[in-house]
Number of protein chains: 2
Amino acid sequence: MRQDNRLPRVLHALLHLSDMKDPATSEQLAGMLNTNAAVVRRTMAGLRDQGILISIKGHGGGWQLARPLEKITLAEIYEALGAPTLFALGCNNENSQCLMEKAANAATARALQKASETFIGILSSVTMADLAVDFEKRLAELGLSPDDPHHSGDHHH
Amino acid sequence: MRQDNRLPRVLHALLHLSDMKDPATSEQLAGMLNTNAAVVRRTMAGLRDQGILISIKGHGGGWQLARPLEKITLAEIYEALGAPTLFALGCNNENSQCLMEKAANAATARALQKASETFIGILSSVTMADLAVDFEKRLAELGLSPDDPHHSGDHHH
DNA sequence: AATCATGTAACTTTTAATGTTACGTGATTC
DNA sequence: GAATCACGTAACATTAAAAGTTACATGATT
């Protein structure tokens, strides 16, 4: 399949949302994420259902954070995205009758399972606030104050 | 992209090879793996180049293990396959100018990196001999002796 | 009533593994 | 030494799921 960029994209979007006073429209976010408004709506729908985001219809509407960054873990976000398939690698015939295939699949699955636990474990230990701190650090490294415009990037609004 | 089944497939193939006296043709292995001879040749080419397998042309030829199972780790096999992309998930714009995107990508990449290390670590600690032991256990659980035919499966030779 | 923005469906595009076909090359057998 | 066997490899079709795209319905604001 094609590479799944939803997680990093959503993280990126949430950082921008945390930086805005008014709701951001899907169109605006699409510009920041270099994609399409429909993709934004589709991708963020899960986060809305999960209570991480709020979507507002009509004039002046758009997307807003439903909670402070401290109360959003990356694991929650991943779950809200539907916990999409993590691995490009997998076992084909999971219910084969061949015992050798079963042994081969079991060994592969064990390694993947442990890797998955590591992944989820790290996501659980990181909040969006941690990302915001990382962002501020990067900003400071460029010699800019936090009051300077944050959205310096290659997106075109 | 489509799911990558090369690793478990190759593990399965090596177990069968370890169980045979004569070289197995790509055609035979394809039957065991429910695939095509050309796929077998393509997939196993890396293992041959890496010195894990030997391929023999001509009459009576086919594929053989180049070493005992104890001396083949799963990590070597994964490497021999070209260390194919492990994750279905990834960051899109790795060299973005947007600091928020950088922070989002970095957090995602960190989690993936740790998961990858876990995966490789496990593969490094397991040898094909361990898989053979697992296979024998499964065989014993069915009340069969190791001398009974091993290749009871859903493949059609 | 007009406009804005989300919600959603339907369809196309993309990308890499897998499946398939075909043919070249080297080794074995008679 | 000719036929056959089996690998080596290229070229192309198929597949699957995310992403891109288009279109339109629904609800909110002015």
Side-chain angles (χ1 to χ4, degrees), chain A residues 1-10 12-13 17 20 22-31 33-50 53-64 66 78 81-93 108, chain B residues 1-10 12-13 17 20 22-31 33-50 53-64 66 78 81-93 108:
Chain A
M1 87 199 73
R2 209 158 150 179
Q3 192 179 34
D4 183 350
N5 297 120
R6 281 175 289 183
L7 181 62
R9 262 195 178 164
V10 166
H12 181 192
L17 285 179
M20 306 178 76
D22 297 324
T25 67
S26 302
E27 206 70 54
Q28 290 175 306
L29 288 171
L33 305 182
N34 287 310
T35 183
N36 185 293
V39 171
V40 171
R41 295 193 194 106
R42 184 167 58 196
T43 306
M44 316 253 277
L47 304 220
R48 180 195 57 227
D49 299 344
Q50 202 63 28
L53 292 178
I54 294 171
S55 65
I56 305 165
K57 287 185 170 183
H59 212 108
W63 298 86
Q64 268 185 333
Y78 180 69
L81 287 172
T85 307
L86 177 56
F87 300 106
L89 192 153
C91 300
N92 197 2
N93 191 358
T108 305
Chain B
M1 86 204 67
R2 208 160 153 182
Q3 189 177 252
D4 182 350
N5 297 119
R6 281 174 290 182
L7 181 62
R9 263 194 176 165
V10 166
H12 181 192
L17 285 180
M20 305 179 75
D22 297 324
T25 67
S26 302
E27 207 71 55
Q28 289 175 306
L29 288 171
L33 305 181
N34 288 310
T35 183
N36 184 294
V39 172
V40 171
R41 294 193 196 107
R42 185 167 57 197
T43 306
M44 316 253 276
L47 305 219
R48 179 195 56 226
D49 298 345
Q50 202 63 27
L53 292 178
I54 293 170
S55 65
I56 305 166
K57 286 186 170 183
H59 212 109
W63 298 88
Q64 268 183 333
Y78 180 68
L81 288 172
T85 308
L86 177 55
F87 300 106
L89 193 153
C91 301
N92 198 2
N93 192 358
T108 305

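Residue numbers start from 1 in every chain, and the chains themselves are labelled A, B, ... in the order their sequence lines are given, proteins ahead of strands. What's counted below: heavy atoms across the whole structure, side chains too, no hydrogens, waters or symmetry copies.
- Contacts between chain A and DNA chain D, taken as any atom within less than 4.0 angstrom of a protein heavy atom, begin and end at D/dA17 to D/dT29.
- Within the nucleic acid shown, B/A24 comes within 4.0 Å of sugar-phosphate atoms alone, with no base atom in reach, counting heavy atoms only.
- In this structure, A/L86 CG and A/L7 CG are separated by 10.0 Å, a value rounded to the nearest 0.5 Å.
- Between B/Y78 and A/L89, the closest side-chain pair of non-hydrogen atoms falls below 4.5 Å.
- The salt bridge (Lys or Arg N to Asp or Glu O under 4.0 Å) search around A/R6 returns A/D4, not counting sequence neighbours.
- To the nearest 0.5 Å, the span separating CG on A/L29 from OG1 on A/T35 amounts to 11.0 Å.
- Nearest-nucleotide mapping onto DNA chain D: of A/T85 and B/A38, the residue sitting toward the 5' end is B/A38.
- Toward the 5′ end of DNA chain C lies the nearest nucleotide of A/I56, the other residue of the pair A/I56 and B/D4 mapping further downstream.
- Within the model, atoms CG of A/L17 and CG of A/D22 stand 11.5 Å from one another, a figure rounded to the nearest 0.5 Å.
- You'll find the side chain of A/R42 stays beyond 4.5 Å of the side chain of A/V40, heavy atoms only.
- As judged by a 4.0 angstrom heavy-atom cut-off over every strand, B/N36 is placed among the base-contacting residues.
- Note that CD of A/E27 is 7.0 Å distant from CZ of A/R41, once rounded to the nearest 0.5 Å.
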Fill in: Worked check of side-chain contact (heavy atoms from CB on, under 4.5 Å) between A/L81 and A/L47
CA-CA 7 Å; A/L81 287 172; A/L47 304 220; 4.1 Å; yes

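- Between the CG atom of B/N34 and the CG atom of B/N5 there is a distance of 11.5 Å, given to the nearest 0.5 Å.
- In this structure, A/T35 reaches the sugar-phosphate backbone alone: every heavy-atom distance under 4.0 Å involves primed, P, OP1 or OP2 atoms, never a base.
- Remark: B/N92 pairs with no residue by the side-chain hydrogen bond (donor to acceptor under 3.5 Å, both in side chains) rule, at least two apart or across chains.
- The nearest heavy atom of DNA chain C to A/K57 and to B/H59 marks one nucleotide each, and the one closer to the 5' end goes with A/K57.
- Read 5' to 3', the first and last nucleotides of DNA chain C with an atom closer than 4.0 Å to a heavy atom of chain B are C/dT15 to C/dT28.
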Under 3.5 Å, side-chain donor or acceptor atoms of residues 54-63 of chain A against the rest of the protein: list the pairs with distances, not counting sequence neighbours.
unit_1, atom_1, unit_2, atom_2, d
A/W63, NE1, A/S26, OG, 2.9

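- Contact check of residues 39-49 of chain A against DNA chain D (heavy atom, cut-off under 4.0 Å) returns A/V39, A/R42.
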